[in-house]
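Only heavy atoms go into these numbers, but all of them, side chains included; no hydrogens, no water, no symmetry mates. We count ligands from 1, going down the list as the structure has it; atoms in each ligand are counted the same way.
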Amino acid sequence: MTAEASQPSAFAASQIQLSEFIDLEQFPIHDLTSLLRQELVLSCRQALAADGCAHIPGFISPSAITAMCAEANRLMPHARQADARVNPYLIAEDTSLPQRDPRRFFETRTSAFINSDHLEPMSLLRKIYDSDVMVHFVAECLNQGPIYRWAEPLGRNPYSVMHDGDYFPWHFDGNDFTVSILVQESETGGDFEYVPNIRSPKDERFDDVSRVLFDGERSKVKTLALKTGDLQLFKGRYSIHRVTKTYGQQARIIALPTYVTNPYLVNRPHHARAFYGKAMDIHYERDLARLDQLTD
Ligand SMILES: O=C(O)CCC(=O)C(=O)O
Ligand SMILES: [Fe+2]
C-alpha cells in the first residue's frame, strides 16, 4: 500500500450531516428554493465583483469551530513552520532582474501549515471540504463553475497557523480563489490585507505591485478583520494579499478549504516546498502550463 492509499478517502455524501457544522435555519445552503440562500449568494457575488472578497460572518457554527480548533491543536506538532524567504510569486530569485522588480521582493514567512495530509480520519474540516452542497454553494457565490476539489495533497484543505510574532508575507495564490474559515483569532494583529485585482490574467502590473511592496503604498489596501466562524471567499490569484503579524498567547488558526477550476493541477514544486515544506512526486509530474500566463 502506498503512503497516499493509507490516507483517509473522501466522505460519501450520505455521511455528511450539514447540521454538524452549519446552522441550516440561518444558512439554508441545502435548500435551492430558499430566498435566504439566494440573498446570500447575491451579496457574495456583489462583494466579489466589487473587490474580489466576500465575507459571511458566523457561517460555521460555534460547536464545529470548537471541534476544528481541538483538531488543529492536536495536530499542532505537525505544523511546519516555514521560516522561508519568499517573494509574492513563490518563485526562486532571479538576480538578472532589476533590484526593484517585485519578483525580487523577499520577506520571511514564519507562519506554519498543518498540511492536508495530516487531517484526522473524522476531521470536520474534511467533511466541510468533501460536501458537494458546500462546493455547489461556493461555486454559486463565486458565480463561477464548475469548480472542483483540488488534487493538491498538501494544500487542498490545510490549517494555517500563526503564533506570537509570526507573519504571512505578501503573495498571490497559485489557485483561482480560496475559501477561509477562521477557527481561532489571535489576541491582536493577524489582519488580512489585500489589494483587489492588482493584476489581471493578461497584465502583471509589476509597477503597481512594486509600489505596494517597496514604497508601502496603502491607498488601495483593504483590511478584513475576520472573526471566529466567519467564512471568507477570496480571489487570491489577482489580488496580492498578506496576514499582518499576530501577537499574543493564542495562535491565529484558519482553515483553508481550497477549490479549483482545474482539478488535475497541483502547486508547482517550488511553491509546494516554500509553503508546505516539501515537494512530492505529484508536484513534478503535474508541473504543467497554466491557462493564464501569470508568474507563480
Ligand atoms: O491566513 C490567511 O488568512 C490567508 C492565507 C493565505 O493567503 C494562503 O494560504 O494563501
Ligand atoms: Fe494566499
**Student:** Relative to ligand 1, is Arg252 under 4.0 angstrom through side chain, backbone, both or neither, heavy atoms considered?
**Tutor:** side chain

**Student:** Do the side chain of Ser116 and the main chain of Arg156 share a donor and acceptor less than 3.5 angstrom apart?
**Tutor:** yes

**Student:** For Ser180 and ligand 1, does the shortest N/O to N/O distance drop below 3.5 Å?
**Tutor:** no

**Student:** Assign the ring pair Phe192 / Phe234 to parallel, tilted or perpendicular, where the plane angle (0 to 90°) is split at 30° and 60°.
**Tutor:** perpendicular

**Student:** Only counting residues at least two apart or in another chain, list the ones meeting salt bridge (Lys or Arg N to Asp or Glu O under 4.0 Å) with Lys278.
**Tutor:** Asp117

**Student:** Would you mind running through ligand 1 and noting each atom that sits below 4.0 Å from a heavy atom of His241?
**Tutor:** 7 (O)

**Student:** I'd like to know if the side chain of Arg205 and the backbone of Ile198 have a donor-acceptor N/O pair within less than 3.5 Å.
**Tutor:** yes

**Student:** Do the non-hydrogen side-chain atoms of Asp215 and Arg100 ever get within less than 4.5 Å of each other?
**Tutor:** yes

**Student:** Below a 4.0 angstrom heavy-atom separation, can you tell me which part of Gln232, side chain or backbone, both or neither, approaches ligand 1?
**Tutor:** neither

**Student:** Hey, does His171 come in under 3.5 Å of ligand 1, counting only N/O atoms on both sides?
**Tutor:** yes

**Student:** Going by the order shown, which atoms of ligand 1 are within less than 4.0 Å of some heavy atom of Asp173?
**Tutor:** 10 (O)

**Student:** Consider ligand 1: state whether an atom of it lies below 4.0 angstrom from any non-hydrogen atom of Phe113.
**Tutor:** yes

**Student:** Give the contacting part of Thr178 toward ligand 1: side chain, backbone, both or neither, where contact means a heavy-atom distance below 4.0 Å.
**Tutor:** neither

**Student:** Ile254 heavy atoms, cut-off 4.0 Å: which ligand 1 atoms fall inside?
**Tutor:** 1 (O), 3 (O)

**Student:** List nothing but the number: protein N/O/S atoms under 2.8 Å from the Fe ion (ligand 2).
**Tutor:** 3

**Student:** Give the residue and atom name of whichever protein heavy atom lies nearest to atom 5 (C) of ligand 1, and the separation in Å to one decimal.
**Tutor:** Phe168 CE1, 3.7 Å

**Student:** In terms of side-chain geometry, is the basic nitrogen of Asp94 or Arg103 positioned less than 4.0 Å from the acidic oxygen of its partner?
**Tutor:** no

**Student:** Side chain of Asn157, backbone of Leu256: donor and acceptor closer than 3.5 Å?
**Tutor:** no

**Student:** Provide, to 0.1 Å, the distance between atom 9 (O) of ligand 1 and the closest protein heavy atom, together with that atom's residue and name.
**Tutor:** Leu256 CD1, 3.3 Å

**Student:** Heavy-atom contacts with Val243 under 4.0 Å: which atoms of ligand 1 show up? List them by number with element.
**Tutor:** 1 (O), 2 (C), 3 (O), 4 (C)

**Student:** Any donor and acceptor pair, going by atom type alone, linking the side chain of Arg242 with main-chain N or O of Phe168 inside 3.5 Å?
**Tutor:** no

**Student:** Check whether any side-chain heavy atom of Val179 sits under 4.5 Å from a side-chain heavy atom of Tyr129, and report yes or no.
**Tutor:** no

**Student:** Using the rule ring pair (Phe, Tyr, Trp, His ring centres under 6.0 Å), only one of Tyr194, Phe275, Tyr89 pairs with His171; which is it?
**Tutor:** Phe275

**Student:** With side chains defined as the heavy atoms from C-beta onward, is the minimum distance between Ile254 and Val183 less than 4.5 Å?
**Tutor:** no

**Student:** Checking the side chain of Thr258 only, and the main-chain atoms of Thr178 only, is there a donor and an acceptor separated by less than 3.5 Å?
**Tutor:** no

